[in-house]
Each structure stands twice: as C-alpha cells, then as structure tokens.
Enquirer: 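Pasting a structure here, questions to come.
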Amino acid sequence: MSSKGKGESGRPPEGALANATIWGRRAVLTAVLLFFGGVWVAAAVYNVNELRKGALAAAGHYGEAGMVTVSGTVGIGKSRYCSGSFRSFDGSTSVSAKVEISGGCAPGVQKAARLVRGNDGGMFVGDEKDVAWTPGARGWFGELGLSLLFGGPVLLVCLGILKMIWDSIRRRPSSGDAGEATPG
C-alpha cells in the first residue's frame, strides 16, 4: 500500500523530483536576472542623469557660468580630450578642466562655458574631471548613442528571458496531472 502522492518506495515520483529541481533552477535564474536588471536600471538612471547635466550645460542651463581658455589636447590615442582652464564670472572658481567644445580644440581659444563638477566615483564611475561645456557642444550626444546601443539590447535580452521563465511557470502541469496513473 502506498501513501497518496508517493511511489512504492515512499519517495516522490520521478516527475515531481525533476519538477522541483527545475523550479529551483528557475528561481535562481530569476533572482540572478532580477539582480542584474536592477543594476542595469540603476546604471541607466545614473547615465541619464549625467547625460542630462551635459546637455543642459551645453544649452546654458546647468553648471557654474564662466569663461574657459583652451590649452590644448591631452591624452594618448583615442583617449585624447580637449583641456583648458575655467574661471567663473565672479572669480570664485578657477580650475583646470576637460573642455567640451564645438569646432576644434585650438589652444588659446576663449569661450563662455558652464562648469559641471566631476564626481569622485561612487556606485558608478562617472567623469572624474570637471568639465567645461561650451554652447552647442555635443559630447553628451555620443554618450547617449552608446548608452542606447549597448544598454537597450541587454535590457531586451533580460526581459525576454524573464518572459520565457514566467511563461513556462504558467504552463506547468497541476499537481493532479503529475502523479502516477490511477487504475481505471
């Protein structure tokens, strides 16, 4: 005589054990995807905020107003950027800064600019240097393209995998379907 839901040896039937293992794997996979999805959302919010600062500064609506004097290009290879010194209009701030400028990076050029302070790190690595944004600078636009190019597909893949997991959960057989066949 066997008890209800158990095989003759007193252990759960093979199908139930396999289902429990699959459910455990799905739970772990779902937790991992939710973790990485959460990190992705936090990084996306951070990036959008940084892009917003650059776009607003280039439009003259964010950052400390002043003048920037371009000193030249610094860096090596593709890591080169325009550099200069920024001085606020009231004279309270005078710093060396990365310069986002429309046109070329010609030494000696002076332009009105908005200073956006670099952050010293944190949860995500941002621009550690202070950045002087001149009117019409488009440095933020390239970053927006990269964020969409790499961030969008990652989010879509995570959402697709989550949808497959949840669809398989909804299609699982009920407990009455997974047992041994009853003699009829």
Side-chain angles (χ1 to χ4, degrees), residues 28-167:
V28 169
L29 183 58
T30 301
V32 168
L33 285 174
L34 288 175
F35 171 77
F36 283 112
V39 170
W40 185 91
V41 167
V45 168
Y46 177 83
N47 283 337
V48 166
N49 185 47
E50 292 298 308
L51 293 172
R52 176 191 63 86
K53 289 178 189 177
L56 289 174
H61 302 295
Y62 185 86
E64 189 174 358
M67 291 293 289
V68 68
T69 304
V70 176
S71 59
T73 306
V74 270
I76 300 171
K78 293 187 180 208
S79 297
R80 298 175 64 114
Y81 61 90
C82 194
S83 179
S85 58
F86 173 88
R87 183 168 179 87
S88 64
F89 286 132
D90 66 5
S92 64
T93 304
S94 183
V95 295
S96 176
K98 178 180 175 181
V99 179
E100 289 289 348
I101 190 168
S102 56
C105 183
V109 170
Q110 286 190 325
K111 278 194 165 186
R114 293 284 184 146
L115 181 70
V116 176
R117 293 289 187 173
N119 59 27
D120 55 359
M123 185 170 173
F124 300 103
V125 177
D127 203 342
E128 296 172 356
K129 298 170 183 57
D130 295 337
V131 181
W133 291 85
T134 61
R138 299 275 182 220
W140 62 271
F141 194 71
E143 293 174 17
L144 174 64
L146 287 175
S147 293
L148 293 174
L149 179 68
F150 293 110
V154 169
L155 179 64
L156 290 176
V157 166
C158 286
L159 290 175
I161 292 171
L162 267 174
K163 183 181 180 329
M164 287 189 305
I165 290 170
W166 290 116
D167 285 349

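Heavy atoms only: backbone and side chains are in, while hydrogens, waters and symmetry mates are out.
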Enquirer: Taking side chain as C-beta onward, heavy atoms only, is Ser92 less than 4.5 Å from Glu64?
Expert: yes
Enquirer: Minimum heavy-atom separation for Ala97 to Ala132, with atom names?
Expert: CB-N, 4.2 Å
Enquirer: Hey, could you give me the CG/CZ distance between Asp130 and Phe86, rounded to the nearest 0.5 Å?
Expert: 9.5 Å
Enquirer: Atom OH of Tyr81 and atom CD of Glu100: how far apart are they, to the nearest 0.5 Å?
Expert: 11.0 Å
Enquirer: Taking the six-membered ring of Tyr62 (Phe, Tyr or Trp), confirm whether the NZ or CZ of Arg52 is under 6.0 Å from its centre and within 45° of its axis.
Expert: yes
Enquirer: Within this structure, what is the OG1-CZ distance for the pair Thr69 and Arg87, rounded to the nearest 0.5 Å?
Expert: 10.5 Å
Enquirer: What's the spacing between Lys111 NZ and Ser102 OG if we round to 0.5 Å?
Expert: 4.0 Å
Enquirer: Could you state the interatomic distance from CG (Leu115) to CH2 (Trp133), rounded to the nearest 0.5 Å?
Expert: 12.0 Å
Enquirer: Could you pull out the closest heavy-atom pair between Gly72 and Cys105, with the gap in Å?
Expert: O-SG, 3.5 Å
Enquirer: Got a second to check how far Ser88's OG is from Met67's CE, nearest 0.5 Å?
Expert: 12.0 Å
Enquirer: If you define the side chain from C-beta out and look only at heavy atoms, does anything of Lys129 sit under 4.5 Å from Val95?
Expert: no
Enquirer: Do you know which two heavy atoms are closest between Ser71 and Pro107, and how far apart they sit?
Expert: O-CB, 3.8 Å
Enquirer: Report, as yes or no, whether the 6.0 Å neighbourhood of atom CZ on Phe36 holds more than 12 heavy atoms from other residues, nucleotides or ligands.
Expert: no
Enquirer: Taking C-beta and beyond as the side chain, do Lys53 and Val131 meet within less than 4.5 Å on heavy atoms?
Expert: no
Enquirer: So, the side chain of Arg114 versus the backbone of Ala57: is there a donor-acceptor pair under 3.5 Å, distance only?
Expert: no
Enquirer: Is there a side-chain contact (heavy atoms from CB on, under 4.5 Å) between Arg117 and Thr93? Walk through the geometry before answering.
Expert: CA-CA 11 Å; Arg117 293 289 187 173; Thr93 304; 3.3 Å; yes
Enquirer: Identify the two heavy atoms, one from Val99 and one from Val70, that lie closest to each other, and give their separation to 0.1 Å.
Expert: CG1-CG2, 4.4 Å
